[in-house]
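Everything below concerns the one structure shown next.
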Amino acid sequence: YRYAVPFSPLASGDREDMGSVAGQFSHYASKLRSLRAGDPASLKTQLNLLFDQLISENYSPNHNIRPEEVCALLIHVTRLVPLSQEHLVVKLCQLTHHLLNQLQVIVDEQTLDVCVCYVVRALAVCSLWTHSEVLQALSTLIYGNGPRCNRHLIELLGDGGVLRLYSDPSQPDMELRRAALTCMANLCLGQASLEDPYRSVCFRVFLQTLQSPKPPDAEELLYCTVIQGAVKGLQSSLCGGKWRFGGQEELGALLAVLKRLMFQGCPGVCVEWPSVLYPAPLPQYETCSTPKPPEPPQNPPTQTSGVRDCGVLLCLLAVVKAVEKRTLYGYWSSFIPDAPIGGPPPLTLLTVVLKDPSPKVRACALQVVSALLDGSRQFLGVAEDLAPARTSYTPFSFSLATAVRELHRSLSLALLAEASAHTLTQIIKCLAHLVCNAPYNRLRPGLLSPLWRQIQPYLRHRDVNVRVSVLTLYGALVSTQAPLSEVQLLLTHTSQETGLSWRQREGFSSPHTPPSHKYHNSHTPRGSHTPGEEEPGVPWLLQLCVSLVTQPKDDQSDSEGPGGGGATALEPSPVRLEALQVLAHLVRGYFPLCQACLCELGQVSARCLRETDPSIQLHGAKLLEELGTGIIQQYRPDNSQSESCRVPISQVVQFWVDVLSGPLNGALQSHQHPTLQTSACDTLSSILPQAFTQLPEKSQVLCVTVLLGLTYSDNSLVKAAAVRALGVYILFPCLREDVMFVADTANAILTALDDRSPNVRSKAAWSLGNLTDTLIVFQEELSDMLVLQMLQSATKAAFDKDRVKSNAVRALGNLLHFLSVSQLTRPGFQRPLEEAVSALVTTVQSEATMKVRWNACYALGNAFRNPALPLGTHYSASWSGDAFSALCCVVTSCQNFKVRIKSAAALSVPACRHCYGDAERFGDVWRSLAAALEHSEETQDFLEYRYCSSLRHTLTHTLTHLLRLSQSQDMPALGMSKEEGEQNGTCSGEQDREITCFWVQV
């Protein structure tokens, strides 16, 4: 009774508040806040009791306890508990961990500073038996607060820091070691994690922990928690962004230890693991041979079995995401198997996928495989096994091809054996990544057909995620390197057991069913069809996807929510959305197989646009765009398809008449859904020009009016799409001759060029380039003021970002080409003309991307085609000299041969001798071209060698052109160049013959 707290009855309001967890917290917290450090001896007893009462409660974030209250309470109690009262210190640490952990509170900066100072002092003053609880409180306090702990980092992670001390492999107390590793992991957590020096310290500690052997006297369970803490810490370190490893061996050591932990404790696995994995040399990335590393020391096998869980694989996943793809390719053979050979199979990620008893572990391994495959198209693109196999050696391309085949084989086996719906989804997603990145056009046919048939039964799986992933895989199959002959056969030849058959039990009919029966009366029973009764040439996958989008679910007892309203529920929205995406992929890659269903697919899109779900509407609009693009591709001049196989113009016109009189108008005016508006604008831009001419006048006016209006939208995405669509329309023959439309479009484009959004400016510059391409048709009908505004706007845009200036310089070249004599002689045009040429010269000489510089060289050549441009005159002496000097500099010094080719071609454009200026400038041009020819095979990038022949041809043509234009006063310069070439004797035989041919032609 000595330490009993005096009883004081609660008021009725207090008793009501005490009925809730939040009320109890507030009551006890207010009691704690009423205590003072100078209170009598009963303070210790009261603190003990109040701490126990607070710790005994179960809290959750839903209990409406404000973080500010928790932070204020923690600051106050740190002032009440002296470090000499070690039992109270422990209870305070327990309370800190309990409140922050269960309420999921991240403390503010003031609370963090006060509490961290307190626990750091406790670690320095209190007995060793308290340190485990103190470190636990510290780990909770710094969770997600690493960047705000700068003041304490030296004490924690500096030389002799407390966390460095307790995490050292020589630390005998496994619990303290685990707690210190947890603290370091929490410090590294988050995107804005620790500064690099301290982050590297933590990384090395984690790696050293995993590499160190288990102490002989350590308990198995405690040691496993230490390893798990280090793995979690590594994952936290690597999730902060791209990681720069300290040399090749550090990455190899990390991958080696993670691979060992992947199989640690597996039954029957007893191998000697290398301490470092070394990358295999890759021909397409290595310019010199990789030295053979010394044989690494071998670690003895361990028997620890409690760490083989998802944590190691998630850590490996973090490594894959943090390291550059190009660096990881050398380690593929350690994690991705080749073709099976004699002896025991190699231990890889696929071993875990096929043999691990835990479905969660298998799913994690599949995520790592997917991450390795994602974005590997350039690497796997080298794979090839079409040629006969060599017996003397195995080419790298063949090894990669066998790896692709082994991935197919292993994942197919995993698909057959898997029972977990979640893991099954991961297998199918992994297959989709493989299909998206493997070069099937370079591999022997036969890989896709078994996969295509194997996944068909999963289209009727009860789990919606499995069904969605199967559709994703089908989308990958019909989009990879389309069109593939193997996939084309699979689309047209359907077995009796396709994924369509169960849909037909619900009354699915062919896409050729009249619209009145198929789409507008979806609840009317229809006669069933068997696969054999399908109309020839219609892909069964198209019919299936249309059915999934428009028909009721096949199983009304499915636990998934409906995808739409009505008496009969449609498929869940994720299934319908994925089916629409598959339709879009199918139309994009195999339009000839889909064109028979053009009108029906248009009605599917119209149905989607009439729905209320914005996602369904968006994908319906995207399907329309793909249909329009497919028609345009058929009518391109370079399309080898016979005219009889194209969609007839009359059908195309009727298709767009139906579309433009349907719900697309509502999508164009859907201001609350700007993404849908954007897609609708893209759909309008996909109308075939020949069909647009034959559309009713009201439909043409509708398209033009809506697009011009949307260029003034407040949403940058909508504005960019509308400006781009106008840039497409300006090339239509029936519109580019309409002066009013051209003027309105030009004004809209010029307004968009001043927009604050780079995306809008980029689309506007592209459209301005298209507009100026058509200037020759109506140049005399546009006002001089509008032409001048275009010239000034294009000049300004030429100093914008690269994606803007790329088309801005194209527009400048066109404008300079088509300026008339009357315009060039007006005073208002003279300064803008000089500024325009100066902008092109600056761009040619800049450090912009090669595409921009190429366009600028082309633009100068385009400008030189204008006979009215005063090249070589006294008036143009300054800017024309700068233009020739810039081209001469680029033709001799640019590392990109395509830019050199275009600059040489530009120098050959002027048709008259006086355009090149005086004899001195003419000689400078000649000498630059001759020097460029002399050094046309000198490059540091071997990829440029493929353009050597084209460069020499262009240089030869330009030099010959100069010789034809040369006059007697130019001969000394030309003769000097020839004599210097003979004295240097550095020209190759082929180059000498090319130069000799000039004189012969003269």
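Computed from heavy atoms alone, side chains included, the values below leave out hydrogens, waters and symmetry copies.
Residue pairs meeting the ring pair (Phe, Tyr, Trp, His ring centres under 6.0 Å) criterion with at least one member in residues 590-628, sequence neighbours excluded, do not occur. Residues in residues 756-770 take part in these salt bridge (charged side-chain N to carboxylate O under 4.0 Å, His left out) pairs, two or more places apart or across chains: Arg761-Asp800.
Atoms CG and CE, from Asn747 and Met790 in turn, are 9.5 Å apart once rounded to the nearest 0.5 Å. Rounding to the nearest 0.5 angstrom, the gap separating the OG1 atom in Thr675 from the CG atom in Asn715 is 7.5 Å. Atom NE2 of His673 and atom CG of Asp613 lie 9.0 Å apart (nearest 0.5 Å). Here OG of Ser679 is found 10.0 Å from CG of Leu684. Values are rounded to the nearest 0.5 Å. Of the inter-residue distances, the one linking Leu726 atom CG with Asn770 atom CG reads 11.0 Å to the nearest 0.5 angstrom. Atoms CG and SG, from Leu708 and Cys703 in turn, are 11.0 Å apart once rounded to the nearest 0.5 Å.
With contacts defined as side-chain heavy-atom distances shorter than 4.5 Å, the pair Phe799/Ser846 does not qualify. Taking the side chain as every heavy atom from C-beta outward, Gln700 and Val704 never approach each other to under 4.5 Å. Within the 4.5 Å cutoff, no side-chain heavy atoms of Val546 are placed close to those of Glu600. Within the 4.5 Å cutoff, no side-chain heavy atoms of Leu544 are placed close to those of Tyr474. Within the 4.5 Å cutoff, no side-chain heavy atoms of Thr958 are placed close to those of Val891. In this structure, the side chains of Ser615 and Leu577 come closer than 4.5 Å at one or more pairs of heavy atoms. Residues Leu816 and Leu833 meet the side-chain proximity criterion, which asks for heavy atoms closer than 4.5 Å. In this structure, Leu840 and Tyr858 have side chains that are not in contact, with every pair of non-hydrogen atoms separated by 4.5 Å or more.
Neither side chain, Arg724 nor Asn759, offers a donor N or O lying under 3.5 Å from an acceptor on the other. Between the side chains of Thr472 and Glu578, at least one donor-acceptor pair of N or O atoms lies under 3.5 Å. Remark: the Arg853 side chain and the Thr843 side chain contain no N/O donor-acceptor pair separated by less than 3.5 Å. Side chains of Asn639 and Arg636: a donor-acceptor N/O pair is absent below 3.5 angstrom, by distance only. In this model, no donor atom of one side chain and acceptor atom of the other lie less than 3.5 Å apart for His817 and Asn866.
Distance alone, capped at 3.5 Å, is enough to place a donor-acceptor pair between the Gln823 side chain and the Ser820 backbone. Formation of a donor-acceptor pair under 3.5 Å by the Ser762 side chain with backbone atoms of Pro758 is not found in this model.
Listed by chain and number, the residues in a ring-ring contact (aromatic ring centres under 6.0 Å, His included) with Phe732 are Phe692, Tyr729 (sequence neighbours excluded). Legend: residues meeting side chain to side chain donor-acceptor pair (under 3.5 Å) with Ser642, ordered by chain and number and at least two apart, are Ser644. Scanning for side chain to side chain donor-acceptor pair (under 3.5 Å) contacts around Thr772 gives Asn814, with sequence neighbours left out. Partners of Lys851 under the salt bridge (Lys or Arg N to Asp or Glu O under 4.0 Å) rule, at least two apart in sequence or in another chain, do not exist in this structure. Judged as a side chain to side chain donor-acceptor pair (under 3.5 Å), and not counting sequence neighbours, Asp802 has no contacts. For Gln789, the side chain to side chain donor-acceptor pair (under 3.5 Å) criterion is met by no residue, not counting sequence neighbours. Taking the side-chain contact (heavy atoms from CB on, under 4.5 Å) definition, one finds that Leu788 meets it with Gln792, Phe829, Pro832, sequence neighbours left out. Applying the ring-ring contact (aromatic ring centres under 6.0 Å, His included) test to Phe864 and every residue at least two apart in sequence or in another chain returns Phe884.
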Derivation of the salt bridge (charged side-chain N to carboxylate O under 4.0 Å, His left out) call for Glu626 and Lys622: CA-CA 6 Å; Glu626 292 295 345; Lys622 288 184 178 296; over 6 Å; no
Full working for salt bridge (charged side-chain N to carboxylate O under 4.0 Å, His left out) between Glu571 and Arg576: CA-CA 6 Å; Glu571 286 283 350; Arg576 301 180 70 212; over 6 Å; no
side-chain hydrogen bond (donor to acceptor under 3.5 Å, both in side chains) evaluation trace for Gln634 with Gln595: CA-CA 11 Å; Gln634 281 193 334; Gln595 66 184 61; 2.5 Å; yes
From CA spacing to verdict: side chain to side chain contact (heavy atoms under 4.5 Å, CB included), Thr492, Val538: CA-CA 7 Å; Thr492 53; Val538 178; over 6 Å; no
Salt bridge (charged side-chain N to carboxylate O under 4.0 Å, His left out) evaluation trace for Arg810 with Asp773: CA-CA 9 Å; Arg810 175 168 71 101; Asp773 283 342; 2.7 Å; yes
Leu771 and Leu731: CA distance, side-chain angles, deciding distance, side chain to side chain contact (heavy atoms under 4.5 Å, CB included) verdict: CA-CA 7 Å; Leu771 171 61; Leu731 300 176; over 6 Å; no
CA sep, side-chain torsions, deciding dist, call: Val787, Leu819, side chain to side chain contact (heavy atoms under 4.5 Å, CB included): CA-CA 9 Å; Val787 174; Leu819 287 176; 3.8 Å; yes
Cut-off 3.5 Å, no hydrogens considered: what does the side-chain donor-acceptor table look like for residues 652-667, sequence neighbours left out?
residue : atom : partner : partner atom : Å
Gln654  : NE2  : Asp658  : OD1          : 2.9
Ser661  : OG   : Val657  : O            : 2.9
Ser661  : OG   : Asp658  : O            : 3.1
Asn665  : ND2  : Leu660  : O            : 3.0

Pair up each side-chain donor or acceptor in residues 897-911 with any protein partner under 3.5 Å, not counting sequence neighbours, and list the distances.
residue : atom : partner : partner atom : Å
Arg900  : NE   : Cys894  : O            : 2.6
Arg900  : NH2  : Cys894  : O            : 3.1
Ser903  : OG   : Val899  : O            : 3.3
Ser903  : OG   : Arg900  : O            : 2.8
Ser908  : OG   : Ala905  : O            : 2.7

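Scanning all heavy atoms of the two residues, the minimum distance from Leu768 to Ala794 falls at CD2-CB, 4.0 Å. Residue Val435 comes nearest to Thr480 through the heavy atom pair O-OG1, 3.1 Å, listed as atom of the first residue, atom of the second, then distance. Of all the heavy atoms in Cys857 and Leu887, the pair that sits closest is SG-CD2, 4.1 Å. The shortest non-hydrogen separation linking Ala743 to Leu786 is CA-CD2, 4.1 Å. The two atoms that bring Ala886 and Val841 nearest to each other are CB-CG1, 3.8 Å, heavy atoms only. For the pair Ala621 and Thr683, the tightest heavy-atom approach, listed with the atom from each and the gap, is O-OG1, 3.1 Å.
Within the cation-pi definition used here (under 6.0 Å to the ring centroid, within 45° of the axis), Arg646 qualifies as a partner of Tyr635.
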